[in-house]
There are 2 protein chains.
Amino acid sequence: MTNTKLERQIAARLADGGVRLTTARAAVIHSLAAAEGPRSAAELYDDLSGSVPLSSLYRSLAVLEAAGILDPHHGTRGITRYELAEWLSGHHHHLVCVACGAVDDVRLSDAIEAALEHLVGEVTQSAAFAAEGHSLEIEGRCRRCA
Amino acid sequence: MTNTKLERQIAARLADGGVRLTTARAAVIHSLAAAEGPRSAAELYDDLSGSVPLSSLYRSLAVLEAAGILDPHHGTRGITRYELAEWLSGHHHHLVCVACGAVDDVRLSDAIEAALEHLVGEVTQSAAFAAEGHSLEIEGRCRRCA
DNA sequence: GTCGATAATAGGAACGATTCTCATTTTCAT
DNA sequence: ATGAAAATGAGAATCGTTCCTATTATCGAC
């Protein structure tokens with residue numbers, strides 16, 4: 001049905017690894033594309049009204065992560081949340097609520113992001129560390145928990 | 001026995017909450033002060049040669065976290081690692097190895113840190129988020145995994 | 001379009017990190 | 001010393017996640 005540019009990009013990437021874009025996997029990707037921030041397996045299970053069993057959900061997440069479609073994010077209580085990888089969703093950072101664990105995305109303005117990348121460059125130069133990415137986590141209280 | 005400045009700071013903070021600095025808790029703090037980076041409950045259990053049972057270890061970690069002595073750090077496979085809180089160990093950031101999961105501390109120069117805090121201020125202002133702290137995570141490959 | 005090989009699924013059992021329970025022990029202030 | 005409050009230890013329970021296995025769906029070759 002719907003066949004967006006995003007889906008074609010993803011299908012192509014999966015095909016490279018002999019991995020199929022099944023309805024369950026497409027549903028997961030749709031949910032994540034619509035979400036405001038990273039979602040856990042349990043949250044996705046609700047988002048999808050239980051139409052994808054938990055065991056399949058976990059397997060889908062693992063497969064999509066291995067294929068580079070999803071990025072994991074490790075939070076409190078051992079909960080792993082996933083979001084679309086940066087090459088699909090665009091580069092962004094995270095606001096993490098210390099009270100409820102919710103994570104929201106923030107996109108920095110070009111000027112601020114440029115300044116941040118400059119900082120990262122300076123840090124890694126002096127630390128002999130081969131940087132591949134960076135993420136600024138701002139901890140605090142979200143609106144609901146304020 | 002040993003009664004360092006660090007210990008006195010911690011004892012004072014705990015006393016404020018009617019929390020005792022027992023031998024088990026002191027041992028945990030010593031291990032963490034000597035460690036190069038965050039340690040998990042299982043790692044501390046080994047560090048202490050099992051002299052503190054796991055259930056007590058977890059309780060100690062929870063108490064010390066609640067008292068603001070330790071900061072948690074959530075990693076892969078649902079493992080939580082702890083390190084001394086920033087007011088004890090100094091503000092720093094993390095280099096996370098995407099290959100082996102190791103976490104190393106980096107301290108930014110004053111100038112860079114100031115610039116970063118300025119960025120955080122700008123971000124949170126526009127996001128209506130009550131920021132309490134921030135952490136820059138730089139992902140890449142450590143020397144061993146390069 | 002059917003066949004066979006390969007990939008994916010669903011359900012439940014198993015696992016491992018963490019948390020909880022509760023009876024016992026330690027500690028502190030008196 | 002004594003009683004109240006805090007801490008401990010051993011094991012059971014919890015919960016997110018992973019593993020196992022039998023069944024089902026999908027793709028390419030014919």
Side-chain angles (χ1 to χ4, degrees), chain A residues 1 7 10-31 38-67 69-82 100-103, chain B residues 1 7 10-29 38-67 69-82 101 103:
Chain A
M1 299 293 173
E7 278 169 358
I10 291 173
R13 174 90 162 224
L14 287 174
D16 280 351
V19 176
R20 294 169 188 163
L21 181 50
T22 63
T23 56
R25 291 170 188 171
V28 167
I29 290 167
H30 269 114
S31 271
R39 307 287 283 160
S40 67
E43 289 163 351
L44 287 167
Y45 183 79
D46 286 348
D47 292 350
L48 300 171
S49 324
S51 65
V52 177
L54 270 178
S55 69
S56 302
L57 205 35
Y58 277 108
R59 228 172 340 89
S60 294
L61 292 170
V63 166
L64 293 173
E65 180 190 349
I69 309 296
L70 302 183
D71 281 345
H73 182 271
H74 304 287
T76 53
R77 286 205 46 124
I79 293 175
T80 303
R81 290 162 205 271
Y82 292 87
C100 70
V103 182
Chain B
M1 299 293 172
E7 278 171 358
I10 291 173
R13 174 90 161 223
L14 287 174
D16 279 351
V19 175
R20 295 169 187 163
L21 180 50
T22 63
T23 55
R25 292 171 188 170
V28 167
I29 291 167
R39 306 286 283 163
S40 68
E43 288 161 353
L44 285 167
Y45 183 79
D46 285 349
D47 292 348
L48 300 171
S49 323
S51 64
V52 177
L54 269 179
S55 68
S56 303
L57 204 36
Y58 277 108
R59 220 162 350 85
S60 294
L61 291 170
V63 166
L64 294 173
E65 181 189 349
I69 309 297
L70 302 184
D71 280 345
H73 184 270
H74 305 286
T76 53
R77 285 205 48 119
I79 292 174
T80 304
R81 288 164 208 271
Y82 292 87
V103 181

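A note on names: the letters A, B, ... follow the listed sequences, proteins ahead of strands, and every chain is numbered from 1.
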Spacing of B:D46 atom CG relative to C:dA17 atom P, expressed in whole Å: 11 Å
Answer with base, sugar-phosphate or nothing: what part of the nucleic acid does A:R25 contact at a heavy-atom distance below 4.0 Å? sugar-phosphate
Starting at atom NE2 of B:H73, determine the distance to atom P of C:dT18, rounded to an integer number of angstrom. 14 Å
Any side-chain N or O of A:Y58 less than 4.0 Å from the OP1 or OP2 oxygen of D:dT18? no
Under 4.0 Å between any heavy atoms, over every strand shown, what does A:A24 touch: base, sugar-phosphate, or nothing? Just pick one. sugar-phosphate
Give one of base, sugar-phosphate or nothing for A:V63, where a contact means two heavy atoms less than 4.0 Å apart. nothing
Between A:L54 (CG) and C:dA13 (P), how many Å, whole number? 15 Å
OP1 or OP2 of C:dG12 sitting under 4.0 Å from any side-chain N/O of A:S55? no
Starting from the 5' end of DNA chain C, give me the residue, B:R77 or B:T23, whose nearest nucleotide shows up first. B:R77
Any side-chain to backbone donor/acceptor pair from A:R13 onto A:I69? Under 3.5 Å, distance only. no
Distance in angstrom units between A:I79 CD1 and D:dC15 C1', rounded: 9 Å
N or O in side chain of B:S56 less than 4.0 angstrom from D:dG9 OP1/OP2: yes
Return no unless some side-chain N or O of B:R20 is found under 4.0 Å from OP1 or OP2 of C:dC28. no
Determine the contact category for A:V52: base if any of its heavy atoms lies under 4.0 Å from a base atom, sugar-phosphate if only primed atoms, P, OP1 or OP2 are that close, otherwise nothing. nothing
Within the structure shown, what part of the strands sits under 4.0 Å from A:T80 by heavy-atom distance: base, sugar-phosphate, or nothing? sugar-phosphate
